[in-house]
Amino acid sequence: MLPIPAEELNGSGTLGPYWTFYRAVAAEQLNRWLPADPSVILDLSGGRGRWSGQAARAGHRVIEVLDFRRTVDAQSRLRDADRVRHVRADDLAFLPDASVDAVLAEERAMSVELMAESAMNDVARVLRPGGRALVCVDSLVLGMAILAEQEQWQHLRQTGEVMLVPWPDGSITRCFSSGQLRELLMGAGLEVEWMRPRTVLSPSTVDHVLSSDGRALNYLVRTELEAQPNDDDTVGIHLVASARKTESGRP
């Protein structure tokens, strides 16, 4: 998979069909991951309302931590207000230990949170034994692509270390290899269930198929989710992992 230019990553560039596919894959991954029984879910995905709304419509009660830096869509908040509680907070100190059944950390939440180890320890603390976390992070592929665009060649050889990448908008993202993401989860006492790139199909392949037949989206999503990339971090701009808190709190 070729790296996606940085200007495309917010979905406003020329890869419209790919982002339609990407969002459909992410939504179906969440559908398959959500608990079968009604549960209490903590959403740390940035306050956009998309993930909490999907979980709420699946019958779960959601605590959505809002990002102070972003404006939340009022319509999504009203639509799911009966099952989604919104909280503005810098950390999870407002939650007692073992108080939620699942945690969503989508929207690259652990990459934007540079102190990811501390944040993940907090996630493990509030999870009940047997509870699960779904985590999405920026990959080394993405980080290296951005550094190459910035001609920061000296940093491209430091892939064994923590990679912090400055974006054109002034923000900084932390990029992970699959091994580093595994260490982050296990270091918090979580057992990794699975890990994979969010997508392995290339933007050019997706664009070609959808331009030929707009009805092929469901086929592409099924093909993607049936792929078994075995936590390969040489493809894909994002890595996704599911982890579980064991009864002992040790992986």
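Since the model is a prediction, treat every value here as computed from it, not as a measurement.
By the 4.5 Å heavy-atom criterion applied to side chains, Arg85 and Arg61 are not counted as neighbours. Leu42 places a side-chain heavy atom less than 4.5 Å from the side chain of Val126. The closest side-chain heavy-atom distance from Arg198 to Leu239 is not below 4.5 Å. Between Glu117 and Leu184, the closest side-chain pair of non-hydrogen atoms falls below 4.5 Å. Side-chain atoms of His60 and Val40, non-hydrogen and from C-beta on, never get closer than 4.5 Å to each other. Within the 4.5 Å cutoff, the side chain of Val84 has no heavy atoms near those of the Asp43 side chain. Between Pro197 and Val200, the closest side-chain pair of non-hydrogen atoms falls below 4.5 Å. Using a 4.5 Å heavy-atom threshold, the side chains of Met163 and Leu140 count as touching.
Side chain of Arg83 to backbone of Gly59: a donor-acceptor contact under 3.5 angstrom is found. When atom types are taken as modelled, the side chain of Glu113 and the backbone of Ala119 share no donor-acceptor pair closer than 3.5 angstrom. Remark: the backbone N or O of Pro35 is not paired with any side-chain donor or acceptor of Ser39 at under 3.5 angstrom. With hydrogens and angles ignored, the 3.5 Å screen pairs no side-chain donor or acceptor of Glu226 with any backbone N or O of Thr223. Remark: the backbone N or O of Leu201 is not paired with any side-chain donor or acceptor of Thr205 at under 3.5 angstrom.
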Self-check item: Steps toward side-chain contact (heavy atoms from CB on, under 4.5 Å) verdict (His86, Ile63)
Solution: CA-CA 6 Å; His86 298 97; Ile63 303 168; over 6 Å; no

Practice problem: Check step by step if side-chain contact (heavy atoms from CB on, under 4.5 Å) holds for Ile172 and Val112. | Solution: CA-CA 7 Å; Ile172 296 177; Val112 177; over 6 Å; no

Practice problem: Evaluate side-chain contact (heavy atoms from CB on, under 4.5 Å) for Ile41 paired with Val103, printing each intermediate quantity in order. | Solution: CA-CA 6 Å; Ile41 296 178; Val103 176; over 6 Å; no

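Under 4.0 Å is where a charged nitrogen must lie from a carboxylate oxygen, and between Glu28 and Arg23 no such pair does.
When every heavy atom of Glu106 is checked against every heavy atom of Ser45, the shortest pair comes out as N-OG, 2.9 Å. Closest of all the heavy-atom pairs between Leu190 and Ala243 is CB-CB, 3.9 Å. The minimum heavy-atom distance linking Arg196 with Ala227 is given by the pair NH1-O, 3.4 Å. Across all non-hydrogen atoms, the minimal contact from Leu95 to Val100 is CD1-CG1, 4.4 Å. Considering all non-hydrogen atoms of both residues, Ser111 and Thr173 come closest at CB-OG1, 3.5 Å. Residues Met110 and Val137 share a closest heavy-atom pair of CB-CG1, 3.8 Å.
Annotation: the span from Ser212 atom OG to Asp207 atom CG amounts to 9.0 Å, rounded to 0.5 Å. Considering CG of Leu92 and OG of Ser118, their distance stands at 9.5 Å, rounded to 0.5 Å. Distance check, rounded to the nearest 0.5 Å: CG of Leu134 to CZ of Arg32 gives 13.5 Å. Taking CG from Asp122 and CG from Leu127, the interatomic distance works out to 10.5 Å, rounded to the nearest 0.5 Å. In this structure, CG in Leu181 is found 11.5 Å from CE in Met186, a value given to the nearest 0.5 Å. Taking CD of Gln54 as the reference point, atom CG of Leu104 lies at 9.0 Å (rounded to 0.5 Å).
Other residues, nucleotides and ligands place no more than 12 heavy atoms under 6.0 Å from the OH atom of Tyr219.
A donor atom on one side chain and an acceptor atom on the other are found under 3.5 Å apart for Tyr18 and Thr199. At a cut-off of 3.5 Å, with distance as the only test, no side-chain donor of Glu64 or Trp51 sits close to an acceptor on the other residue.
Of the residues listed (Arg128, Arg125, Lys245), the one engaging Asp97 in a salt bridge (Lys or Arg N to Asp or Glu O under 4.0 Å) is Arg125, and it is the only one. Cys175 pairs in a side chain to side chain contact (heavy atoms under 4.5 Å, CB included) with only one of the listed residues (Leu164, Val165, Ile237), which is Val165. Of the candidates Arg132, Met195, Glu191, Ser242 forms a side chain to side chain contact (heavy atoms under 4.5 Å, CB included) with just one, namely Arg132.
A single hydrophobic cluster is seen to contain both Leu225 and Leu210, as judged by linkage of ILVMFWY side chains at heavy-atom distances under 4.5 Å, directly or through other members. No chain of hydrophobic side-chain contacts below 4.5 Å, direct or via other Ile, Leu, Val, Met, Phe, Trp or Tyr residues, connects Met115 to Phe176.
In this structure, Arg174 fails the cation-pi test against Trp167, since its NZ or CZ atom is not both closer than 6.0 Å to the six-membered ring centre and inside 45 degrees of the ring normal.
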